[in-house]
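Reading through the structure tokens given below for one structure.
As the structure is a prediction and not an experimental result, all values here were calculated from the model. Proteins come first, then strands; the chains are lettered A, B, ... in the order of their sequence lines, and each starts at number 1.
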Amino acid sequence: MLQLDRVMLNYGSFRALDGISLNVRDGELVVMLGANGAGKSSMFLAISGLRKLSGGSIKLAGGEITGASPATIVSRGLVHCPEGRKLFAHMSVAKNLMLGGYVHRGDKAGLKERLEQIYDMFPILREKRDNNAGSLSGGQQQMVAIGRALMGRPKLLLLDEPSLGLAPLVVRQVLDTIKAINASGTTVLLAEQNAYAALQIADRGYVIESGRVVLEGSRQELLNNDTVRRAYIGG
Amino acid sequence: MNIFFQQVLNGLTLGSVYSLVALGLTLVYGILHIPNFAHGAFFMVGAYISFYVAGDLGANFWVAMIVSAAAVAVMAMISERLIFHPLRNSPALHDMIAAIGLLLFLEAVVQAIWGADFHRLPAPYTTILRFADLTAPAQRVLIIGAAIVLMIGLQIFLRRTTTGSTIVATAQNREGAALVGISPLKVSLLTFAISGALAAVAATLFAPINLIYPAMGHLVILKAFVIIILGGMGSIPGAIVGGMVIGFAESFGAFYISNNYKDIIAFVLLVFILSLRPQGLFPSEVR
Ligand SMILES: Nc1ncnc2c1ncn2[C@@H]1O[C@H](COP(=O)(O)OP(=O)(O)OP(=O)(O)O)[C@@H](O)[C@H]1O
Ligand SMILES: [Mg+2]
């Protein structure tokens, strides 16, 4: 589904991604682990076309997307739900969701139907659809962000720290939702600091440090790995 | 009674023109964070194009307005593409300098074509309307009516259409908008086009009761900046309310204080209001 080949990304003279290679297969839920500043968000921004690569290449479903515009990438079925949510805070929940389907704007009936599915998945959003997104609680805003991404009908969904700043109970709900989205056929690439919880729902994972992949393995391998236990799980 | 009504009418007329100019300025600021000093030159060029189309070509006033709006919209898009877009990642000061450069360039071009003399655009409607003992020149009523129609139209466009929503979305969260597939370049071109068209329409409406000359945009743009600072940089309701506040303050100030001081009133009001509410009258986001 997604292949990164020696991807490089510089911010001025600082190298945030230093030759990242990885792949995500159809239907998988893959988790990216890494400390603050490891380069997870930079990698996601590079994949979704918001940052220009300094080297390497990215393929989506076999086709080259290196250097493509975010709009092109979204319409090819790769949707990025960003760190910090990046909602339209002074627009209603319903409008945020509808704009998530912007690349499918020609298909009004399809969008309406999809919107209903999102409301079924997050009933609280149906209730709050006329409220401004910025007025919702953190957990609800995260649902809007995920819902907005799903409106883009992703084949591959990138989720950057969806549990950031949420209460533990809400984190559980969000991760369960992500598992359900994956189970219904959407491939997911998930960045999380909350390593233990994320590995519970993942098939495989990668660990990155200073812009490099330092470890990869299945859920079990990573859960049993000493380095992972010490650095990300604590114990 | 009629004298008081005349001041209200004056205030509404000035306020309408100022609001239209300030709307374009605030849209560009809210979305691109460019303080577009050249906006006053868009206004001035708009007046000259209408003057040319209605005067030299002898076209109808409304045709002149549409041609002028279209021409200035295109000119604004070209300036975005050729001047502001390449500066997107440079410090804010560069945008400002570029805008001032564009302003000087446009004034020089206009002066080369039409000279530095004053011109006048004949008023399309010269009748005086009467309601009971109140009188109102048709041109003023026209300005107010057209401004209201445009403002409502702009609101509907921004709130109710998908294309309009892309502008508001980009103003509220640039990265969020890019992530759903909205092209930032298309949005900025569209924003500049709307901004230019509004300036041209405002200039065309205002020209019959004013003079046309190369520096005619200076005072208007300064006041428009006062308005958007008062109203909150980037706020649409702020631009409309701020425009009306300044329009009324000028009209009543000119009458009850002194006509000589009317252009200072806007700036005095700015200092006064900002000392009470440093954040402006409205929070600063396109909403
Ligand atoms: N726009 C930028 N300009 C310069 N440096 C940046 C920029 N964005 C990120 N960085 C740096 O790049 C490195 C990687 O940042 P990134 O946000 O990708 O990490 P992360 O793994 O997502 O961290 P976190 O867990 O805190 O979200 C960090 O050292 C960060 O300071
Ligand atoms: Mg991050």
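Residue contact with chain B, scored on non-hydrogen atoms closer than 4.5 Å, involves the side chain of Arg148(A) exclusively. Within the 4.5 angstrom heavy-atom criterion, no atom of Ile73(A) approaches chain B.
Heavy-atom neighbours of chain B within the stretch residues 37-69 of chain A, taken at a separation under 4.5 angstrom, comprise Leu45(A), Ser48(A), Leu50(A), Arg51(A). Within residues 102-115 of chain A, the residues having any heavy atom closer than 4.5 Å to a heavy atom of chain B are Tyr102(A), Val103(A), Arg105(A), Lys108(A), listed by residue number.
Taking chain A as the reference chain and counting heavy-atom pairs below 4.5 Å, the highest number among Thr170(B), Thr162(B), Val180(B), Thr166(B) is found for Val180(B).
Taking the side chain as every heavy atom from C-beta outward, Leu99(A) and Ile182(B) approach each other to under 4.5 Å. Two residues are said to be in side-chain contact when any heavy atoms from C-beta on lie closer than 4.5 Å; Glu175(B) and Pro82(A) fail this criterion.
Taken from OG in Ser165(B) to CE in Met98(A), the straight-line distance is 9.5 Å, to the nearest 0.5 Å.
Heavy atoms of other residues, nucleotides or ligands lying less than 6.0 angstrom from CZ of Arg88(B) number more than 12. In the displayed structure, Phe157(B) atom CZ is contacted under 6.0 Å by more than 12 heavy atoms of other residues, nucleotides or ligands.
Taking both residues in full, the closest heavy atoms of Gly181(B) and Ala71(A) are given as O-CB, 3.3 Å, listed atom of the first, atom of the second, then distance.
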